[in-house]
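To start, the structure itself, in structure tokens.
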Amino acid sequence: MRFDYSPAPESTAVVDIASSYSLFIDGAMVDSLDGSTFKTVNPATEEVLSEVVDAGSADVDRAVRAARAAFEGTWSRMPGRERGKYLFRIARILQERAREFAVLESLDNGKPIREARDTDIPLAAAHFFYHAGWADKLSYAGLGEAPKPYGVVGQVIPWNFPLMMLSWKIAPALAAGNTVVLKPAETTPLTALLFAEVCQQAELPHGVVNIVTGAGETGRMLVEHPDVDKVAFTGSTEVGKAIARSVAGTRKRATLELGGKAANVVFDDAPIDQAVEGIVNGIFFNQGHVCCAGSRLLVQESVADELLASLKRRLLTLRVGDPMDKNTDVGAINSAAQLARIRELSDIGEAEGAERWSPPCDLPDRGFWFPPTVFTGVSPAHRIAREEVFGPVLSVLTFRTPGEAVEKANNTPYGLSAGVWTEKGSRILWMADKLKAGVVWANTFNRFDPTSPFGGYKESGWGREGGRHGLEGYLHG
Amino acid sequence: MAISIDGATGSEAGLRRLLTGLPGVDQVGAEARAATLGSRSVKADSKKALIDLAISCIDLTTLEGADTPGKVRGLCAKARVPDPDDPSCPRPAAICIYGDLVPVAVDALRGTGIHVAAVATAFPSGRASLPVKLADVEDAVAAGADEIDMVIDRGAFLAGRYGAVLDEVQQVKAACGDAHLKVILETGELATLDNVRRASWLAMVGGADFIKTSTGKTNPAATLPVALVMLEAARDFFAATGTRVGFKPAGGIRTAKDAVKHLVLVHETVGDDWLDPSLYRIGASTLLNDLLLQRRKMQTGRYSGRDYVTVS
């Protein structure tokens with residue numbers, strides 16, 4: 001029998017998107033003082049969803065002042081136990097409104113509703129729950145008897161996991177007693193603005209969380225604001241370097257979660273079917289818009305043909321298309337600009353002589369789409385093996401010995417994550433020891449948990465997020 | 001898959017190399033994959049199609065010590081006309097019973113095309129001598145069973161005596177004549193997914209027409225991760241040999257929702273070629289009624305009660 005899934009669209013009736021949004025400052029939605037506006041679109045359809053503020057310097061200043069007042073006046077004075085209550089409350093509201101957040105995230109970002117529903121939103125709530133537990137136990141975090149918050153934290157987050165990145169930033173900052181001004185990415189501001197409503201619903205004291213929308217310039221103004229004590233940024237290495245330069249020589253602290261070009265290393269004794277799933281999850285999860293994506297597959301030469309045949313067969317079953325369909329595995333590319341970059345790097349890959357392959361798939365006429373793509377015959381010298389594509393593009397390299405695998409895996413300016421696939425436990429430990437990456441996954445990939453610190457080596461960033469280590473970025477002894 | 005079967009089966013050592021040389025199964029990963037596939041959203045026409053397919057793939061089963069000719073005749077009548085109110089309802093593929101009741105079923109199903117499957121080889125424990133097991137098979141075939149469901153010797157398998165298991169499967173296959181052989185691995189007793197994959201290969205190398213998860217007498221039975229690994233084995237065996245071996249999950253599949261999950265697994269693991277009663281069966285006793293209820297729900301928009309489907 002020829003079988004295909006009937007359309008299973010998630011209803012969008014649960015979200016109520018306003019035609020325009022203002023800024024969330026000092027507990028209220030307020031009009032911009034000196035900003036302009038821009039539109040946010042649904043990348044799967046190119047339809048305009050809403051209009052948001054491109055905040056100017058007076059807006060940023062006002063937000064930072066509100067955060068300072070809240071820090072001095074209420075939040076830093078409050079017992080940790082009380083702060084924890086607010087965080088628990090936020091976590092519970094996120095769970096209660098999970099479907100609303102998932103649908104909105106999918107609409108604004110282009111990611112499949114299945115992933116927003118099953119990964120993004122539950123993890124966002126989990127981060128608030130986890131850090132709520134820390135709020136009254138900070139003296140047990142190993143950072144001194146009475147560690148102190150920094151004060152006002154300026155946070156700039158990317159568009160790939162909008163609400164999840166927000167939770168990674170806001171939850172530990174608040175648990176530690178800081179107040180925040182957060183700037184969501186310009187292409188995905190809507191769930192952050194809905195989160196403002198959650199803060200109000202939780203009756204969070206005014207000014208503890210402030211959200212200013214805008215593009216790169218707004219982010220720069222926030223980072224450079226003299227009354228910001230600490231900067232937390234997740235995004236491109238290029239912007240990360242600019243931030244590092246701007247905070248150098250100031251009293252500001254910074255944590256940076258930047259790019260990656262992770263190696264996913266498959267040995268000849270790997271559990272092949274699960275390795276294939278891990279490769280798929282590593283690079284095609286969230287359209288490859290993942291800083292720790294397993295974008296370089298390093299496979300042992302003796303099983304390369306077999307593994308690639310399995311991988312290609314598996315990719316034939318990947319469902320690309322409408323993100324709101326509950327059976328979609330790969331959704332839309334987040335923006336026209338990102339699509340152009342993925343196309344450019346893929347064309348370069350082909351021009352450099354790597355062999356390009358994609359499963360046949362019908363892509364929608366409107367919106368930003370790129371098929372899952374595999375490059376074979378890639379050498380470490382190729383640009384697609386070195387540069388972060390941030391899209392559903394896998395580069396396949398081979399190796400013959402464990403030593404060669406380590407050498408090739410580490411041969412990158414990045415070091416955020418890596419994967420090892422083998423049935424041999426001793427080899428997993430040996431590899432984990434040698435790989436220069438913040439996270440090494442063994443026989444799995446792209447697994448996240450708030451208790452587990454995440455962060456990079458080399459150009460992948462400074463500091464860690466999550467776990468006890470992550471608190472260190474928001475406290476001093 | 002780079003697996004050479006020829007020459008591997010001649011000796012115990014060769015057989016061991018073949019089986020231990022199969023790629024391992026990471027249990028956590030297999031369970032995660034099965035869970036993801038189990039969450040596919042099956043709606044509207046696709047649901048209707050899978051419900052009808054599930055009905056046509058059922059081996060309608062009664063395997064009680066208390067079975068009587070009357071019980072089997074009732075089951076056969078149900079197989080002939082699953083839904084008296086709806087002649088468009090498909091029929092199950094087979095009736096699955098103990099060997100001594102085969103003549104009753106053969107008589108009751110004459111002319112319907114519904115197969116008669118008999119469990120044999122000292123089902124469900126498999127604890128008898130080989131001559132007794134073979135006699136059990138020959139008896140059922142002589143009585144008219146055209147499908148034989150055998151159990152493997154789990155004791156021999158777990159002791160690593162792969163050659164003994166293979167030999168038994170091969171001899172039973174020979175004793176089946178034209179009857180189709182389904183080999184039951186009783187995966188609940190095999191403990192690991194690595195063992196499930198190895199036992200699947202052993203059965204397929206031995207000539208199984210189908211590999212089947214369970215007797216239905218132990219728990220856990222046909223879980224999704226086990227079904228996933230067995231389907232992967234069937235897929236890999238086809239790639240290595242060109243022979244398609246069928247798959248039959250049995251035991252614990254009671255609702256239409258469960259059946260749909262299993263069919264989704266087939267669709268995304270081995271492909272649609274296997275979505276056919278010639279290569280896929282579901283062993284079940286109570287599943288049919290839930291499928292019938294769901295089928296009516298899809299036609300009328302309303303759920304009817306249990307008393308609107310026939311007991312068997």
Side-chain angles (χ1 to χ4, degrees), chain A residues 1-10 112-115 117-119 266-281 285 302-307 309-310 313-319 324-329 419-425 428 441-447, chain B residues 1-3 20-37 39-50 52-54 56-57 90 193-194 197 225 228-229 231-233 235-236 239-240 260 263-264 266-280:
Chain A
M1 180 177 93
R2 291 298 123 203
F3 175 77
D4 199 8
Y5 299 109
S6 301
E10 176 71 63
I113 184 70
R114 185 169 66 83
E115 291 179 3
R117 179 193 68 195
D118 297 347
T119 304
V266 180
F267 285 94
D268 60 2
D269 66 340
I272 294 290
D273 288 304
Q274 287 76 50
V276 166
E277 288 309 315
I279 295 161
V280 169
N281 188 37
F285 176 67
S302 51
V303 290
D305 291 346
E306 186 186 332
L307 183 82
S310 296
R313 183 189 57 220
R314 173 68 176 85
L315 294 192
L316 293 172
T317 68
L318 267 190
R319 306 174 61 78
M324 295 310 291
D325 190 298
K326 283 177 266 190
N327 290 322
T328 292
D329 299 315
V420 181
W421 297 84
T422 172
E423 288 278 273
K424 207 175 166 75
I428 288 172
W441 283 295
N443 289 339
T444 189
F445 210 92
N446 271 349
R447 294 274 154 187
Chain B
M1 183 154 302
I3 288 169
T20 56
L22 295 168
V25 186
D26 185 86
Q27 179 141 353
V28 175
E31 286 172 358
R33 174 68 178 150
T36 304
L37 287 177
S39 73
R40 284 294 194 204
S41 188
V42 181
K43 304 282 184 207
D45 288 345
S46 61
K47 185 173 178 185
K48 200 178 281 179
L50 288 192
D52 277 7
L53 176 67
S56 69
C57 289
L193 292 177
D194 281 319
R197 175 168 287 176
L228 176 70
V229 170
L231 285 165
E232 286 169 353
R235 178 199 69 198
D236 294 344
V260 164
L263 290 169
V264 163
V266 176
H267 169 62
E268 298 212 26
T269 307
V270 275
D272 292 351
D273 288 345
W274 264 260
L275 287 179
D276 188 277
S278 65
L279 284 170
Y280 191 78

For the side-chain contact (heavy atoms from CB on, under 4.5 Å) test, which of A/Asn327, A/Ile113, A/Thr328 pairs with B/Ser41? A/Asn327
Spacing of [atom1] belonging to [X] relative to [atom2] belonging to [Y], to within rounding of 0.5 Å:
X        : Y        : atom1 : atom2 : answer
B/Ser39  : A/Arg117 : OG    : CZ    : 6.0 Å
A/Asp273 : B/Arg235 : CG    : CZ    : 4.5 Å
B/Arg40  : A/Asp329 : CZ    : CG    : 4.0 Å

Mind checking whether [X] and [Y] have side chains closer than 4.5 Å, heavy atoms only?
X        : Y        : answer
A/Gln274 : B/Glu31  : no
A/Glu277 : B/Asp26  : no
A/Thr317 : B/His267 : no

With A/Ser6 via side-chain contact (heavy atoms from CB on, under 4.5 Å) - residues at least two apart: B/Ala44, B/Asp45, B/Ser46
Smallest heavy-atom separation, B/Val25 atom then A/Glu423 atom, equals N-OE1, 4.4 Å
Return the minimal non-hydrogen interatomic distance between A/Pro7 and B/Lys43, and the atom names on each side.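 Closest approach of A/Pro7 to B/Lys43: O-CB, 4.3 Å.
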So which part of [X] gets closer than 4.5 Å to some heavy atom of chain A, the side chain, the backbone, both or neither?
X        : result
B/Arg33  : side chain
B/Glu232 : side chain
B/Thr36  : side chain

Salt bridge (Lys or Arg N to Asp or Glu O under 4.0 Å) against A/Asp269, all qualifying residues, sequence neighbours excluded: A/Arg427
Those residues of residues 272-280 of chain B, ordered by number, that approach chain A below 4.5 Å (heavy atom to heavy atom): B/Asp272, B/Asp273, B/Leu275
Looking at residues at least two apart in the chain, or sitting in another chain, which of them share a ring pair (Phe, Tyr, Trp, His ring centres under 6.0 Å) with A/Phe285? A/Phe161
Is the count of non-hydrogen atoms from other residues, nucleotides or ligands lying under 6.0 Å from A/Arg447 atom CZ greater than 12?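 Incorrect, the count does not exceed 12.
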Okay, A/Ala270 and chain B: the region with an atom under 4.5 Å from a heavy atom over there is backbone
